[in-house]
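Beneath this line is the structure, given in C-alpha cells, with notes to follow.
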Amino acid sequence: MLATERSRPEAPIRNTLTLVFGLPYRAGVIYQHPLAFLLGLEGIALLRAFAGDHGREFVDARLAEVRALLEAGSELGDGATVGPITTVDGYREWAQLYDQQANQLIDLEQPAVREILDGLTPGTALDAACGTGRHASYLASLGHDVIGVDTSAQMLAKAAAKVREGRFVLADLHDLPLPDDHVDLVVCALALTHVPDLEPVLAEFVRVLRPGGHLVISDSRGLLADLGLPLVQTVDGDFGYMPTWSRHTSDYLQAALPLGLVVRRCEEPRRPYPLVDDNDERSVDADPPLAHVPGSPPNIWALHRWCTDAANAAYRGVPAAIIWHFQLAAS
Ligand SMILES: C[S@@+](CC[C@H](N)C(=O)[O-])C[C@H]1O[C@@H](n2cnc3c(N)ncnc32)[C@H](O)[C@@H]1O
C-alpha cells in the first residue's frame, strides 16, 4: 500500500529544502575537475608511501604518473561546475535505475545488516528512508509488519510494488508519521549521509521506538572515510549533486548515547583490495562502465583506470560503510 497523503504533507519537503539549502557548508556550487581528482589520489598514495606503506619504486612511479597526467590534462577535459539539488529531485531520477545498478556499497553493507536483522524477534518494523524497499522486503520475509517512509515518491512507489503487505508513507526522517513507542525495530540504511545533523533524526527514531526496541543503522563512509562524495545525478537534462555528510565513528555515539541507545554491535566493512583490477573486466570498479566524458562532472569510477596503482593505494583499508546495532534501554 502506498500512502502519499498525510495530515501534515508540507512538513517533510520543507524540512529537506531548509536543511540542504540553508547551510553554507557543502550546499553551494562545487567544482569538479578530473585532473584534480586524479592528482588527489596520487597525493594520498604518496602520503601513504611517506608514512611507510610503500617504497622508493612506488614513489618514483607516482611522480612519473603525476607528470604524465599533467600532460594528458587536455584529454581529460575541463572541470564541471555543479549545483546542489535536493534528495527529492536526485532520487526521482535515480529511482528508475537504483535496483539495477551494481553497487559495491550495498554488496558490503547488506550481509552485515541482514545478520543483525536475522537475530531479532519479528514485530513492527519501520524502514526509515526505505528507498526501493531493499530492507523492507527482507524484514517482511522475516515476518515483521513493515512500515516504510521516504521523501522520494518514486523510490517509495518501487518499495510499495515490491512489498505488497507493507505500508509506505511519504515522510521525512525528521518528522515520522507515527505515534510514540510504536515500533519494535527501526532500520535506517544508507540515508543518514543526507542529513546534516544526526541528533534530531536519532531522537525521532527513539521517539517511535518502544523501550527495549532495536535501531539498525547503516551509513556510507564517503569516498575516503570522512571525505564525503557528493552524489551527482542528471536532473532534467542537467547535472546536480546531492550533498552528503560523512562522519567519524564518535559522531554517531555522541548523538546516540545521550538518547538512551546502547551499542550492541558496530562494523565498518572495508573496500575490497585491489579496488581496481586492470586485468579483471568484472572488477567491482568496472561498474558503471561509463567513460568519463570531458566537460561533464567526472565519472570517478572510470577515472580510476588512469592511475590504478595510486587508486588502489589510496583506498586500501578504507571503510565503505558503517553499520550500527543499537538497542533502546528498557524503561
Ligand atoms: C541511498 S538510498 C537508500 C535506500 C534504502 N534505505 C536502501 O538502503 O536501499 C537513500 C534514501 O534516503 C531517502 N532520503 C534522503 N533523505 C531523506 C529524509 N530526510 N527523509 C526521508 N527519506 C530520505 C532518499 O529519498 C532515498 O530513497
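Numbering of ligands and ligand atoms starts at 1, following listing order.
The cluster map of Ile, Leu, Val, Met, Phe, Trp and Tyr, joined by side-chain heavy atoms under 4.5 Å apart, puts Leu41 and Trp301 in the same cluster. Linking ILVMFWY side-chain heavy atoms closer than 4.5 Å, directly or via other members, places Val183 and Val146 in two distinct hydrophobic clusters.
In this structure, the separation between NE2 on His54 and CZ on Arg62 is 8.5 Å, given to the nearest 0.5 Å. The CG atom of Leu173 sits 10.0 Å away from atom CG of Leu202, with the distance rounded to the nearest 0.5 Å.
Per-residue contacts place Met155 under 4.0 angstrom from the following atoms of ligand 1 (heavy atoms of the residue considered): 27 (O). Per-residue contacts place Ala189 under 4.0 angstrom from the following atoms of ligand 1 (heavy atoms of the residue considered): 3 (C), 5 (C), 6 (N), 8 (O). Proximity to Ala191 (heavy-atom distance under 4.0 Å) selects the following atoms of ligand 1: 12 (O). For ligand 1, the atoms sitting less than 4.0 Å from at least one non-hydrogen atom of Ala129 are 4 (C), 5 (C), 6 (N), 12 (O), 13 (C), 22 (N), 23 (C), numbered in the order shown with element in parentheses.
Aromatic pair His194/Tyr91: ring centres closer than 6.0 Å.
Nearest to atom 23 (C) of ligand 1 by heavy atom, out of Val149, Val195, Thr151, Asp175, is Thr151.
Residue-ligand proximity: Tyr98 is placed with a non-hydrogen atom under 4.0 Å from ligand 1. Heavy atoms of Ala128 stay at 4.0 angstrom or farther from ligand 1.
Taking the six-membered ring for Trp and thresholds of 30 and 60 degrees, His214 and His325 have ring planes inclined between 30 and 60 degrees apart.
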